[in-house]
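Values in this document were obtained by computation on a predicted structure and should not be read as measured data.
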Amino acid sequence: MLGKVGGRLLVLAGAGVALAGCGGAGVPVSASATSTTAGATLNSAATARPIYVEMDPTPPAQRPAEFDIYNHTELTGLSWSSWGGMTARGSGVLDDVDCTPDCASGHDDKFPATIVLSDVREVNGQLEYTRFTVTFQGQDKHPDLAKALNDQPTNPRH
C-alpha cells in the first residue's frame, strides 16, 4: 500500500493486515505473561529468552543502532534505555526526506526522537517486538509524519 504523507511517499505494505493471518508465526506472549496492576510483565521463563526486533528488510537484532522505517525515513544513532521487558525504549535521530517536489530534491529534516517497541510475540521460534511508535521533537509541525509513525508493525509480514 502506498500513501502520501505531507509530500512524502510512504510504503506501508500490509500495515493494516491482522497478525492472525500469519499462519501462526506471530503468537502473542500475553498468554504466558503475568498481569500486574502496573501492566503485563514477562514471566521468568519468557525473560530468560532474548527478545529481538525485525524491521523489514533487516534481519532480527537486539538493540540495533538504526532502523530503516520507510523509504526516506530512518532512525539513526539509537541508544537503548530499556530492552527485554514488555516494551523497549530507545532514543536517536529521526532522519526524514521531504519528497517535495520529489525525493531526489526534497529537504532532509532531522529531529531528536524516541522509539518505543511493544507487543512481544513469538515469531518463527523467537520472541520479537512487533510494533513501534516514534515520537520526535517538532512533531506538532509534522502531524502527518507523526501519525504515520504511531503504533505501526515492525514487520508487516508477521
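With rounding to the nearest 0.5 Å, the separation of CG in Leu145 from CG in Asp109 is 8.5 Å. To the nearest 0.5 Å, atom NE2 of residue His72 and atom CG of residue Asp95 are 11.5 Å apart.
Looking only at distances, a side-chain donor or acceptor of Thr133 sits under 3.5 Å from a matching main-chain atom of Asp151. Using a distance-only test at 3.5 Å, with no hydrogens or angles considered, no donor-acceptor pair links the side chain of Tyr70 to the main chain of Asp96. Checked by atom type and distance alone, the side chain of Ser118 never pairs as donor or acceptor with a backbone atom of Thr87 at under 3.5 Å. No donor-acceptor distance shorter than 3.5 angstrom exists from the side chain of Gln139 to the backbone of Gln137, with no hydrogens or angles considered. Panel note: side chain Ser91, backbone Leu78; no donor-acceptor pair is recorded below 3.5 Å.
Nearest heavy atom pair, residue Tyr129 against residue Gly84, reads OH-N, 2.8 Å.
With sequence neighbours left out, Tyr52 forms a ring pair (Phe, Tyr, Trp, His ring centres under 6.0 Å) with no residue at all.
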side-chain contact (heavy atoms from CB on, under 4.5 Å) between Phe111 and His142, worked out: CA-CA 11 Å; Phe111 309 97; His142 304 277; 3.5 Å; yes

Step-by-step side-chain contact (heavy atoms from CB on, under 4.5 Å) determination, Phe136 to Thr114: CA-CA 6 Å; Phe136 58 94; Thr114 300; over 6 Å; no

Verdict with reasoning, Val123 to Thr130, per side-chain contact (heavy atoms from CB on, under 4.5 Å): CA-CA 9 Å; Val123 179; Thr130 62; 4.2 Å; yes

Verdict with reasoning, Leu75 to Val93, per side-chain contact (heavy atoms from CB on, under 4.5 Å): CA-CA 5 Å; Leu75 280 170; Val93 175; over 6 Å; no

Without placing hydrogens or testing angles, list every side-chain donor-acceptor pair under 3.5 Å for residues 58-68, not counting sequence neighbours.
| from | atom 1 | to | atom 2 | distance (Å) |
| --- | --- | --- | --- | --- |
| Thr58 | OG1 | Met55 | O | 2.6 |
| Gln62 | NE2 | Ile51 | O | 3.3 |

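Salt-bridge formation is not detected for the pair Glu74/Lys110: no Lys NZ or Arg NE/NH1/NH2 atom is positioned less than 4.0 Å from an Asp or Glu carboxylate oxygen.
Looking at heavy atoms from C-beta onward, Ile69 lies in side-chain contact with Phe132 at the 4.5 angstrom threshold. Using a 4.5 Å heavy-atom threshold, the side chains of Gln126 and Glu54 count as separate. Put simply, the side chain of Thr76 does not reach to within 4.5 Å of the side chain of Leu94, judged on heavy atoms. Counting heavy atoms from C-beta outward, Trp80 and Ile115 have side chains that approach closer than 4.5 Å.
Placement of Met86 and Val116 in two distinct hydrophobic clusters is found when ILVMFWY residues are connected by side-chain heavy-atom separations under 4.5 Å, directly or transitively.
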